[in-house]
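The structure under discussion appears below in the form of structure tokens.
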Amino acid sequence: MELILTDLIWQACLILKGQNDLIVDIDKDSIVIEKPKNLSFGDFSCGLAFKLSVKNKKSPLDIANIIQQVLVAKITEYQNYISQISVSKPGYINFTVSQGYLLSILDEILNDGDNFGRSKYKDKFLIEYVSANPTGPMHIGHARNAVFGSCLSNLLKFAGFYVEEEFYINDTGQQIIKLGKSLLVCYRRECGNLDYNYDDDSYPESLLIDTVRQILHDHKNSLSNLTDDQLSVSLAKLFMELTINSQKEELEQLNINFNTWFSEKTLHDNGSIDEMLDLLKANNMTYELDGALWLKSKDLGDERDRVLIKNNGHLTYLAVDAAYHLNKYKRGFDKIINIWGADHHGQIPSLAAVLKALDCNVDSFKVILTQMVNLTKNGEILRMSKRMGTVVTLKEVLDEVGSDAMRYFLIESSPSNSINFDLELAKQASSENPIFYIQYAHARSSSIMRKAMSLSPSYNLLNSSVKEIYAICKSNKDIIENVFENDNEKYNLQKKIILELAYFKTLVQESANSYLPHRIAHFAYELAYDFQKFYENSKVLYSDNINLSLARILFVLAIRTVIGNCLKILGISAPEKM
RNA sequence: GCGCCCGUAGCUCAGUGGAUAGAGCCCCCGCCUUCUAAGCGGGUUGUCGUUGGUUCGAGUCCAACCGGGCGCGCCA
């Protein structure tokens with residue numbers, strides 16, 4: 001509808017230009033159609049007259065009236081869609097849509113069903129997220145990152161893009177060596193050898209002990225004759241395997257499945273790191289100083305130069321990350337997206353710099369930051385510290401709250417906003433959590449369908465697709481003409497709902513283009529709210545009138561379809577019963 | 001000191017240049033013989049951090065300042 005109205009107004013502008021009565025120095029893009037907050041003005045509005053009023057030295061109201069007259073003259077072409085064009089102070093042009101337009105939206109939704117709102121694009125996305133270290137359990141911050149990444153991926157797929165989801169495993173390097181050393185001490189002590197002692201920077205025993213006991217139980221024999229060095233390596237390997245497996249399990253519980261689990265170790269093993277360094281050197285982007293290899297990142301927008309290889313020969317994090325991202329580029333994606341916790345934002349300039357130095361097109365690379373999650377309990381902030389053993393793990397929260405509620409809590413806020421996650425509130429998560437309200441609306445519509453089945457068993461409503469049901473109904477005028485209530489107030493609510501449903505298509509595009517999946521969550525809530533109102537207002541099933549019942553069922557089905565599509569994007573279940 | 005994010009109702013948050021700034025929670029009142037009351041209707045709640053600027057129009061864009069969070073390693 002926005003496109004039709006823009007067209008219509010643009011045509012009016014062209015006519016006015018020809019008449020020379022008005023200075024119309026605008027282009028088509030500056031015509032913006034919006035939705036009035038107060039629906040009594042109309043269903044759509046346009047503030048074009050404000051833009052024209054300055055140069056014409058006329059009041060916006062006068063200009064709006066002139067445009068309106070031209071529009072009214074042209075309206076016959078759109079009579080099926082637009083029933084009224086009016087002007088209101090201080091200078092808005094308002095449009096009211098007709099029932100024909102509403103029926104055309106209904107038609108589109110019921111024909112498309114699960115596909116309503118989908119489009120087709122060619123771009124290929126790679127979205128890397130979570131990427132928690134295999135050295136310990138995931139916490140609530142990882143959970144937010146995970147849920148955001150998952151919803152964004154779902155959203156982009158729904159918007160028609162090709163998306164691959166990837167988890168990067170830091171399975172080698174200094175921290176893994178440190179892990180191995182800590183595990184060695186823990187293992188020996190657990191076996192009764194108290195000559196082994198932890199270093200100051202060891203991982204705390206509390207984080208290791210459970211897994212070490214499990215390893216002891218499962219692998220005692222095969223580990224018994226190893227030297228310290230060998231044991232340290234083996235323990236680290238076993239520990240990582242177990243950690244990664246439980247990460248996979250927990251993420252699956254959260255309804256998240258990655259296409260690839262990318263091992264950092266493969267970059268070292270297959271020569272990718274050397275290749276990357278060679279390319280940097282060939283591009284003359286490095287130099288040596290104090291025994292270290294430096295990147296000339298200051299020339300590329302970073303605040304200073306960075307070290308790639310330390311004077312002890314070890315690679316820096318940046319060097320490995322550069323090789324990893326070069327690998328991503330080589331895989332041929334149009335858009336490479338990283339989702340990072342906000343505490344890593346300082347790494348962006350140096351990574352962007354090294355990518356430039358590697359001849360990668362930085363425009364197709366984007367880091368989305370998710371802000372911190374504060375855990376609170378009864379209003380008091382829980383300070384998390386690994387050392388103090390006060391980490392609240394993802395698993396603990398997930399087990400308490402469940403996947404659906406957890407996903408909703410973590411996706412409802414904009415990624416740039418920090419979240420206060422109250423454990424007590426989440427545990428009681430019942431009426432307080434909007435997700436149950438949205439699911440309730442879905443369950444309620446399913447309940448209506450079940451009831452309808454018993455009223456008229458001849459229509460196989462439960463086992464047919466939306467499209468099939470619609471196919472039976474759409475040629476029957478007696479059904480289609482009864483979709484909308486005659487009562488004005490009830491009709492206005494139905495109109496509001498249909499316009500919202502139509503807006504879903506726009507919303508998918510907008511939220512996908514701006515990478516803001518939380519908007520889907522809010523939209524779903526609004527829609528559920530209006531459905532509940534409709535449910536109270538309008539009777540759906542009439543035991544003595546099958547056609548009228550079917551007409552209202554079509555309306556319910558349209559809402560149910562869109563709520564279902566929203567829940568699908570959010571990765572939240574759409575229950576038939578609650 | 002520099003960089004990023006935030007500041008909107010008692011609390012948690014929407015609001016991506018348009019009309020009188022919205023929801024949920026909390027508090028009060030009313031509604032189950034009727035398609036699910038995990039629901040609905042009604043009531044109360046604001047110097048949109050402050051000050052300037054851009055604009056016909058600013059919670060929204062720009063600048064400065066105030067307050068809070070995070071980050072500024074040859075750590076990972």
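Numbered from 1 within each chain, the chains take letters A, B, ... in sequence-line order.
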Say we look at [N] and [M]: how far apart would their [atom1] atoms be, to the nearest angstrom?
| N | M | atom1 | answer |
| --- | --- | --- | --- |
| B:U34 | B:G43 | C1' | 28 Å |
| B:C40 | B:G24 | P | 9 Å |
| B:G49 | B:G30 | C1' | 40 Å |
| B:U54 | B:C13 | C1' | 29 Å |
| B:U44 | B:U50 | C1' | 28 Å |
| B:G59 | B:U16 | C1' | 12 Å |
| B:C26 | B:G18 | C1' | 33 Å |
| B:A9 | B:A63 | P | 25 Å |

Exercise. Start at the 5' end of RNA chain B and walk down; is the nucleotide closest to A:S446 or to A:P90 reached first?
Worked result: A:P90
Seminar exercise, completed: The residue, A:S445 or A:C46, whose nearest nucleotide of RNA chain B is more 5′ is A:C46
Taking only Lys NZ, Arg NE, NH1 and NH2, and the carboxylate oxygens of Asp or Glu, determine whether [X] and [Y] approach each other closer than 4.0 Å.
| X | Y | answer |
| --- | --- | --- |
| A:E303 | A:K298 | no |
| A:K281 | A:E288 | no |
| A:D530 | A:K496 | yes |

Under 4.0 angstrom, heavy atoms only, what part of the nucleic acid is [X] near: base, sugar-phosphate, or nothing?
| X | value |
| --- | --- |
| A:N420 | sugar-phosphate |
| A:E34 | base |
| A:D290 | base |
| A:S414 | sugar-phosphate |
| A:R519 | base |
| A:H314 | nothing |
| A:D302 | nothing |
| A:E576 | base |
| A:A443 | base |
| A:K577 | base |
| A:L308 | nothing |
| A:P36 | base |
| A:I33 | nothing |

Between [X] and [Y], does the ring centre distance come in under 6.0 Å?
| X | Y | answer |
| --- | --- | --- |
| A:F50 | A:Y92 | yes |
| A:F148 | A:Y129 | no |
| A:F534 | A:F555 | yes |

In whole angstroms, how far is the [atom2] atom of [N] from the [atom1] atom of [X]?
| X | N | atom1 | atom2 | result |
| --- | --- | --- | --- | --- |
| A:N133 | B:C75 | CG | C1' | 12 Å |
| A:H344 | B:G73 | NE2 | C1' | 14 Å |
| A:D343 | B:C75 | CG | P | 19 Å |

Exercise. Would you write out the dot-bracket form of RNA chain B, 5' to 3', with Watson-Crick and G-U pairs under 3.5 Å, [ ] for crossing pairs, | for pairs to other strands and . for unpaired bases?
Worked result: (((((((..((((....[...)))).(((((.......))))).....(((((..]....))))))))))))....
Exercise. So does A:S413 reach the base of B:A14 with its side chain, donor to acceptor, closer than 3.5 Å?
Worked result: no
Just the atom pairs and distances: protein N or O near nucleotides 2-5 of chain B's N or O, under 3.5 Å.
unit_1: B:G3; atom_1: N2; unit_2: A:H345; atom_2: NE2; d: 2.6
unit_1: B:G3; atom_1: N3; unit_2: A:H345; atom_2: NE2; d: 3.4
unit_1: B:C5; atom_1: O2'; unit_2: A:S416; atom_2: O; d: 2.4

Pairs under 3.5 Å (N/O, protein and nucleotides 32-35 of chain B):
unit_1: B:C35; atom_1: O2; unit_2: A:V540; atom_2: N; d: 3.4
unit_1: B:C35; atom_1: O2; unit_2: A:L541; atom_2: N; d: 3.1
unit_1: B:C35; atom_1: N3; unit_2: A:V540; atom_2: N; d: 3.3
unit_1: B:C35; atom_1: N4; unit_2: A:Y535; atom_2: O; d: 2.5
unit_1: B:C35; atom_1: N4; unit_2: A:S538; atom_2: O; d: 3.0

Exercise. So, do A:F41 and B:A19 meet the stacking rule of ring centres under 5.5 Å and planes under 30°?
Worked result: yes
Problem set entry | OP1 or OP2 of B:C40 under 4.0 Å from side-chain N/O of A:Y437 | yes
Problem set entry | Non-hydrogen atoms of A:A524 and A:C566 that approach each other most closely | CB-CB, 3.8 Å
For this session: Run the numbers on A:Y324 and A:F262 for ring-ring contact (aromatic ring centres under 6.0 Å, His included), then give the verdict.
Result: CA-CA 9 Å; A:Y324 175 41; A:F262 192 104; 4.8 Å; yes
Exercise. Taking the side chain as C-beta and beyond, is there a heavy-atom pair between A:W340 and A:Q347 under 4.5 Å?
Worked result: yes
Exercise. Do A:E485 and A:K539 pass the salt bridge (Lys or Arg N to Asp or Glu O under 4.0 Å) test, and can you show the C-alpha distance, the side-chain angles, and the key distance before you say yes or no?
Worked result: CA-CA 10 Å; A:E485 298 267 11; A:K539 202 164 154 59; over 6 Å; no
